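Working notes for the structure below.
The figures that follow rest on heavy atoms only: side chains count, while hydrogens, waters and symmetry mates do not. Since we're looking at a predicted model, the values are computed, not measured. Chain A is the first sequence line, chain B the second, and so forth, proteins listed ahead of strands; every chain is numbered from 1.
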Number of protein chains: 2
Amino acid sequence: MLAGTDRKREILSVSQRLFKEKGYSTTTVREIARELNIEPASLYSHVHSKEDILDQICFGMAEKLLLAIDEVNDIYFDAEGKLRMMVDNHVGILTDDLNAAIVFIKEWRHLSEPRLSEFVRLRKRYEQGLREIIQTGIDEHKFNEIDKKFGALTILSTVNGIIDWYKPEGNLKPKEIADSLYTFIWSGLRLDN
Amino acid sequence: MLAGTDRKREILSVSQRLFKEKGYSTTTVREIARELNIEPASLYSHVHSKEDILDQICFGMAEKLLLAIDEVNDIYFDAEGKLRMMVDNHVGILTDDLNAAIVFIKEWRHLSEPRLSEFVRLRKRYEQGLREIIQTGIDEHKFNEIDKKFGALTILSTVNGIIDWYKPEGNLKPKEIADSLYTFIWSGLRLDN
DNA sequence: AGCTTTGCCTAACAAATGTTAGCCGGAACA
DNA sequence: TGTTCCGGCTAACATTTGTTAGGCAAAGCT
């Protein structure tokens, strides 16, 4: 049984939306079932537990993002290219699956051990990738010698912030958002301001 | 009976910490009581409900921030002064009561109507104050003609992001953080980059 | 046709939840 | 000294929670 039965995808999709709207712990297994016109117990044919759903959403997003940032650090050599591509990828991935992104960013802490620690590990790896980009910029004398941790975390909250207001039907398209954010961040980090 | 009995402050303080650590809906009235060496039912001598606690935390922070930004827009006339003071105040208020700040930012949506709508109204008013600052900068030809909503929300997520990593015992002091963030934001918005 | 698997069902459970009712000792106040 | 009231207690409540056991019909495979 592979990961993506149709029914299972529906469950994940519905759960994402509900988790986004009400938060993970306020969302009920019964609510998820009701939206699928199914009895609560029937969910357990497709999913091991409620937390299993959260798990798949969170790690699904984490893997996409990690893959993307590793690629960036592999392909590009200068800080400008790296940062631009990173922001582009990051914004693209979040906006492409907004519900999942929101859950990923806001609800991961409801994971329980040992998956919680594993998730945190992945997140640290992503931050590490970001610091690599910043280091590149410093080496090129493009960035100030800022605290790299500060820089990475500030970039992260800046780009992640879009999930609070991005609307697919709005007039700002992901690509434009990424461009603006890139400019904002690049200027914010740049040497000689 | 005024707002701040000693016992009541203890309840708020303990609740803030627990809400921060586990989230509002995962935190139990019984847990709060246990930390105070009290029976769960005894809480209700000081507080109307669990949500009442969340209410006071969220609106307490909201009022502090609103007061601060109104002051900024009253006192200062140029964008630079306004922005600098705003970031300073914002970072100061968040770091001064970190637990409350985290709950304020992450748990407000568990408020129920009609308080939820009222809270959202206050938040919008704060964003409006921010847009006023941005407008000042545009009028002075210091900022790009950016989408003001985009700008306000990006600034907000950038400064709010600190709650995810700020540690009072760390080596970055609030004032330094505010300075770095100010520079970051100012440069990010500035015309001619 | 017989067998297996899939996907749902009904029924139920044990645990945990927020909250209320009613009591009671001691401090504060008259 | 008598009375009020504050801040805690015990006991219990009705719901809601995630989850399991066991069955059953239809589809798919051999």
Exercise for review: Sorted by first residue and then second, give each ring pair (Phe, Tyr, Trp, His ring centres under 6.0 Å) pair with at least one member in residues 45-71 of chain B; sequence neighbours left out.
Suggested key: B/Phe59-B/Phe119
Review point. Across the strands shown, which category fits A/Ser25 at heavy-atom distances under 4.0 angstrom: base, sugar-phosphate, nothing?
Key: nothing
Practice item. Mind checking B/Thr27 for me? I need base, sugar-phosphate or nothing, with any heavy atom below 4.0 Å counting as a touch. Key: sugar-phosphate
What is the separation between atom [atom1] on [X] and atom [atom2] on [N], rounded to the nearest whole Å?
X	N	atom1	atom2	value
A/Asp6	D/dA27	CG	P	17 Å
B/Leu43	C/dT17	CG	C1'	14 Å
A/Asp52	D/dG18	CG	P	14 Å
A/Tyr44	D/dT19	OH	P	4 Å
B/Ile38	D/dC6	CD1	P	16 Å
A/Leu36	C/dG7	CG	C1'	13 Å
A/Lys22	D/dT17	NZ	C1'	12 Å
A/Arg34	C/dC9	CZ	P	14 Å

What pairs of donor and acceptor atoms, side-chain ones from residues 157-164 of chain B against any protein atom, are under 3.5 angstrom apart with sequence neighbours left out?
from	atom 1	to	atom 2	distance (Å)
B/Ser157	OG	B/Leu153	O	3.1
B/Ser157	OG	B/Thr154	O	3.2
B/Thr158	OG1	A/Thr158	OG1	3.2
B/Thr158	OG1	B/Thr154	O	2.7
B/Asn160	OD1	B/His90	NE2	2.8
B/Asn160	ND2	B/Leu156	O	3.4
B/Asp164	OD1	B/Lys106	NZ	2.8

Point to revise | With sequence neighbours excluded, residues passing side-chain hydrogen bond (donor to acceptor under 3.5 Å, both in side chains) with A/Glu107 | key: A/His110, B/Arg109
Review point. Considering residues at least two apart in sequence or located in another chain, which fulfil the side-chain hydrogen bond (donor to acceptor under 3.5 Å, both in side chains) criterion with A/Asp78?
Key: none
Point to revise | Aromatic ring proximity A/Trp108/A/Tyr24, centre distance under 6.0 Å | key: no
Check your understanding: Would you call A/Arg7 and A/Glu10 a salt bridge, taking side-chain N to carboxylate O under 4.0 Å as the test?
Key -> yes
Point to revise | Counterpart residues, salt bridge (Lys or Arg N to Asp or Glu O under 4.0 Å), relative to B/Glu31 (two or more places apart) | key: B/Lys22
Review point. For B/Lys175, which residues count as a side-chain contact (heavy atoms from CB on, under 4.5 Å) partner, sequence neighbours excluded?
Key: B/Asp88, B/Asp179
Point to revise | Qualifying residues under side-chain contact (heavy atoms from CB on, under 4.5 Å), relative to A/Thr136, sequence neighbours excluded | key: A/Ala79, A/Lys82, A/Glu140
Review point. Between the side-chain atoms of B/Ser45 and the base atoms of D/dG8, is any donor-acceptor pair under 3.5 Å?
Key: yes
Check your understanding: Within the pair A/His46 and C/dC8, is there a side-chain N or O less than 4.0 Å away from OP1 or OP2?
Key -> yes
Review point. Does B/Arg7 place a side-chain N or O at less than 4.0 Å from the phosphate oxygens OP1/OP2 of D/dG8?
Key: yes
Exercise for review: Can you check each nucleotide of nucleotides 10-16 of chain C against protein heavy atoms at under 4.0 Å and return B for base, S for sugar-phosphate only, - for none, in 5' to 3' order?
Suggested key: BB-----
Practice item. Return the residues of residues 10-21 of chain B meeting this criterion: a heavy atom under 4.0 Å from some atom of DNA chain C. Order them by number, or give none. Key: none
Check your understanding: If you check every side-chain atom of B/Lys50, which of C/dG7, C/dT19, D/dG7 has the closest atom?
Key -> C/dT19
